[in-house]
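Because the structure is a prediction, the values reported are computed rather than measured. Because only heavy atoms are used, hydrogens play no part in the values below, and waters and symmetry mates are left out as well, while side chains stay in. Chain A is the first sequence line, chain B the second, and so forth, proteins listed ahead of strands; every chain is numbered from 1.
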Amino acid sequence: MLDKFGVARALREIGSLLELEGENPFKVRAYETGARALEGLAEDLGRLVAEKRLTEVPGIGEALAGKITSLHTTGRSDTLDKLRARHPPGILELLQVPDLGPRKVAALNAALGVCGLADLEAACRDGRVAGVKGFGERTQARILAGIERVRAQAADRRVLLARALDEAEPLLAHLRGAPGTAAVELAGSARRGRETVGDLDLVAASRDPSALSARLGAYPGAELLARGETKTTARLGSGLQVDLRVAAPEDLATLLHHMTGSKAHHLRLRGLARELGYTLSEWGLHRLPPSGTDPDTPPDPTAKVVVESEEALYRALGLSYVPPELREDAGELEAAGDGSLPVDLVLAEDVRGMVHCHTTWSDGRASLEEMARAAQAMGMEYLTVTDHSPSAGYAGGLSLDRLRRQWEEVDRVQERVRIRLLKGTEADILEDGALDWPDTVLEQLEVVVASVHSRMRMDEEQMTRRLVRAMSAPVFKIWGHGMGRLLGEREAYPVRVEEVLDALAASRGAVEVNGDPRRLDLEPRHLRAAHARGIPVVLSVDAHDVAGLSCLRLAALTARRGWTRRGQVLNTLGATEFAAAVRPSPPTGPP
DNA sequence: GCCGTTTTCGGCCCGACTGTTTTCAGTCG
C-alpha cells in the first residue's frame with residue numbers, strides 16, 4: 001500500500017534503472033512525467049484506482065496505470081522487482097555525482113564493478129577509473145570532487161530563498177558594471193520564488209561576453225568553475241553556485257525566459273510551440289521548415305520571430321502572460337490558453353498593513369514603539385500587535401494581567417504614531433484544539449492569529465481533529481503558519497489540510513502566508529485549495545524585530561505562487577476595512 | 001511509454017560545455 005508520493009518515487013526508480021540500461025530516453029521520460037502527474041493529482045489516488053480512471057490523467061496510459069494500480073494496492077510492481085534484481089542496490093546513488101550520468105555509471109559498473117559511492121571513491125583513489133575507456137585523469141579527479149559534494153550536499157543542499165536573493169542583489173549590481181553590458185537579470189528558481197534555491201541563474205545582454213565572465217571571476221570570493229563563449233559558472237565565497245548566460249540584447253527575452261524555467265513549464269511550452277509550427281529555444285522563436293525538408297538543410301535566417309519581451313513570447317504562442325512565479329506546469333498554461341489566468345496577482349506593494357508582529361512583550365527583540373515606527377516608515381497604515389499567549393511559556397507568552405497592561409501601552413504609543421495599532425494575540429492551539437484564551441478575552445481583541453507551537457508529533461488523525469476543532473471556533477481567526485514546517489529543519493506535520501480548510505470555510509477565518517524565510521507557510525498548493533473554498537488570505541511577516549518586517553516580499557512571492565489575487569488578501573484593505581474584516585467577535589445577528 | 005485537427009505510427013525540447021576524442025558522446029539545465 002503506497003500513497004501517491006510513494007508510487008511516484010517507485011516510478012522514478014523504474015525510470016532511473018531503465019535509463020541505466022540504455023532504454024529509449026522517451027520511455028524513461030514517460031516515467032518521470034507519470035510521477036509528476038501523480039504528485040500533482042487533485043483527486044484521491046485510491047478512488048482513481050478503484051474506478052479504473054487512471055488513464056484519464058494526462059501522462060498516464062495503460063502501461064503506467066497497471067503499474068500504479070499494483071504499487072498502490074500491493075506496494076510492489078513486478079517491473080520494479082525485476083529491475084532491482086538486475087542491479088546492485090547502491091547503483092542509483094552514483095547518478096547523484098555531478099558529471100556522472102547513466103551511460104558513465106553503466107560503463108564504470110561494467111568495467112570495475114563499482115556499485116556505490118564508497119566503491120567509486122576507492123576506485124578513483126587507486127587510479128582505476130582513469131584506466132576505463134572514455135575516462136581520464138581529469139574525469140577521475142572531477143568524480144572524486146563530485147563525491148565530496150554529494151556528501152556535503154546530503155546535509156545542506158539548497159539555500160533558503162531569502163539568502164539567495166540577498167546574495168543575488170550585490171552580485172547583480174557588480175555585474176551591471178561590466179563594459180558593453182546592457183542588462184543583467186536574475187532568472188532561475190529564485191526568480192520564480194521557490195522556497196529554496198539550488199544555485200543562482202543569471203542572464204545578461206552584452207556584446208562583450210568575455211568582459212562579463214571576467215567581471216564574474218573578479219567578484220570578491222568568487223571562483224570560476226567553467227568559462228565558455230556564452231556560459232560561465234562560478235562558485236561564490238559562500239559556496240553558492242552561479243550560472244551566468246550571455247546573449248545579444250535582441251535575444252535577452254528568450255534567454256531570460258529559458259533560464260527562468262521551470263523545466264516542466266518549458267517542456268510543455270515547447271511542445272505547444274511545435275504544434276503551432278515553431279521551435280523555441282534560448283536563442284529565440286523560429287518557424288519550423290515545411291515538413292519533408294531535409295533536416296541537414298541550413299536554417300533559414302528569416303525564420304526567426306522577433307521576441308522583444310516575455311509577454312511577446314507568450315503572445316506569439318497565443319497565450320496570456322504567465323508570471324515567473326506561476327511557471328510550474330501546474331495548470332498555468334491551460335489557464336493562459338483560455339484566458340482564465342489571474343491578471344491581478346497580489347504584489348508586496350499592494351499590502352497596507354503589517355500582520356503578525358511580536359514585540360519585547362513576548363519573544364520579540366524590538367519594543368512596540370520601535371516596531372510601530374519601522375512599519376510606519378515603510379508606508380504601512382496599520383500593524384497588528386500579536387504577541388504570544390499564556391501557554392507559550394517558552395516565548396514569554398502574556399498572562400491576562402500582562403495582556404491588559406500591553407493594551408495600555410498600545411494606547412500610549414498610539415498617541416505618538418500615525419500608524420494604527422491593532423490589539424491582537426497569537427493564540428496557541430492546544431493539544432485538544434482549543435485556543436488558550438477564553439472566548440471572553442478573544443472577543444475583546446481586534447485580531448487573533450491561531451497557531452500550533454507544541455505537540456507537533458501527533459499522527460495525522462489527531463492533528464487533523466485538533467486543527468479542525470481550532471478552525472471551527474466561533475471567533476474570526478487567522479490560521480498561523482499552517483503546517484508548522486521549518487525549511488531544512490522540520491517537516492510539516494502530518495495533517496489532512498483539505499479537511500481543516502473545509503472547517504475554516506464553514507466557520508469564520510483566514511489563512512496566513514507566513515513570510516518568515518524558514519516557513520513560507522501555507523505553501524502554494526494549499527493556498528490554491530484555500531482559494532477554491534473562498535477563504536481569504538493575509539500576507540504576514542511573523543516579525544520578531546524590525547528587520548523581520550522586510551519578510552513581506554517573501555510572503556508576497558509565496559502568495560503569488562499560490563495564484564493569490566489582490567482582492568483575496570485582507571491586508572490590502574485600509575485600516576478600518578481590515579479591522580472590520582478580521583474582528584474576532586461574531587457579528588451580532590438579528591434577535 | 002504516451003499521444004493524436006499530422007490520430008494507431010512515428011514522433012517526442014533544445015543547445016552549451018567538457019573531456020577525451022580526432023569527430024563526438026555524455027551530461028546538464
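Counting non-hydrogen atoms under 4.0 angstrom, A/Thr279 reaches the backbone sugars and phosphates but no base. Residue contacts for A/Ile60: at a heavy-atom cut-off of 4.0 Å it reaches the sugar-phosphate backbone alone, with no base atom in range.
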Quiz item: Once each nucleotide of nucleotides 19-29 of chain B is scored for protein heavy atoms under 4.0 Å, what B/S/- sequence comes out, 5' to 3'?
Solution: SSS----SSSB
Quiz item: Hey, mind stepping through A/Asn514 and A/Leu520 against side-chain contact (heavy atoms from CB on, under 4.5 Å) and telling me if it holds?
Solution: CA-CA 5 Å; A/Asn514 189 298; A/Leu520 303 184; over 6 Å; no
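For the pair A/Leu255 CG and B/dC14 P, the interatomic distance rounds to 17 Å; values are reported in whole Å. In this structure, A/Glu23 places its CD atom 13 Å from P of B/dC2, rounding to the nearest Å. Whole-Å rounding puts the A/Leu267 CG to B/dC12 P distance at 13 Å. Regarding A/Leu280, its CG atom lies at a distance of 10 Å from the P atom of B/dG15, rounded to whole Å. A/Arg268 has its CZ atom 18 Å from the C1' atom of B/dC14, to the nearest Å. To the nearest angstrom, P of B/dT6 lies 11 Å from CG of A/Leu276. Between the P atom of B/dA16 and the CH2 atom of A/Trp283 lies a distance of 6 Å, rounded to the nearest Å. Between A/Asp251 atom CG and B/dA16 atom C1' there is a gap of 15 Å when expressed in whole angstrom units.
Using a 4.0 Å cut-off between charged side-chain N and carboxylate O, A/Asp99 and A/Arg138 make no salt bridge. Remark: A/Arg553 engages A/Asp166 in a salt bridge, criterion side-chain N to carboxylate O under 4.0 Å. With respect to A/Arg525 and A/Glu328, no salt bridge is recorded, no charged nitrogen being found less than 4.0 Å from a carboxylate O. Residues A/Glu13 and A/Arg9 are not paired through a salt bridge, judged by the lack of any N-O separation under 4.0 Å between the basic side chain and the carboxylate.
Only the P atoms considered, B/dT23 is 23 Å distant from B/dC17, to the nearest whole Å. When the P atom is compared between B/dT27 and B/dT21, the two are found 15 Å apart, to the nearest whole Å. Across B/dG1 and B/dT8, the matching C1' atoms stand 14 Å from one another, rounded to whole Å. For the P atoms, the distance linking B/dT6 with B/dG11 amounts to 15 Å, nearest Å. B/dT20 and B/dC28 have their P atoms separated by 15 Å, given to the nearest Å.
Nearest nucleotide to the side chain of A/Arg274, out of B/dC12, B/dC17, B/dA16: B/dC12.
Checked options A/Arg519, A/Arg518, A/Arg485; the residue passing with A/Glu195 is A/Arg485 (criterion: side-chain hydrogen bond (donor to acceptor under 3.5 Å, both in side chains)).
Listed for the A/Thr254 side chain is a donor-acceptor partner under 3.5 Å among the backbone atoms of A/Glu282.
The residue among A/Leu64 and A/Thr230 whose nearest nucleotide of DNA chain B is located toward the 5' end is A/Leu64.
Nucleotide B/dG19 forms a pair with B/dC24, judged by Watson-Crick or G-U wobble geometry with both contacts under 3.5 Å.
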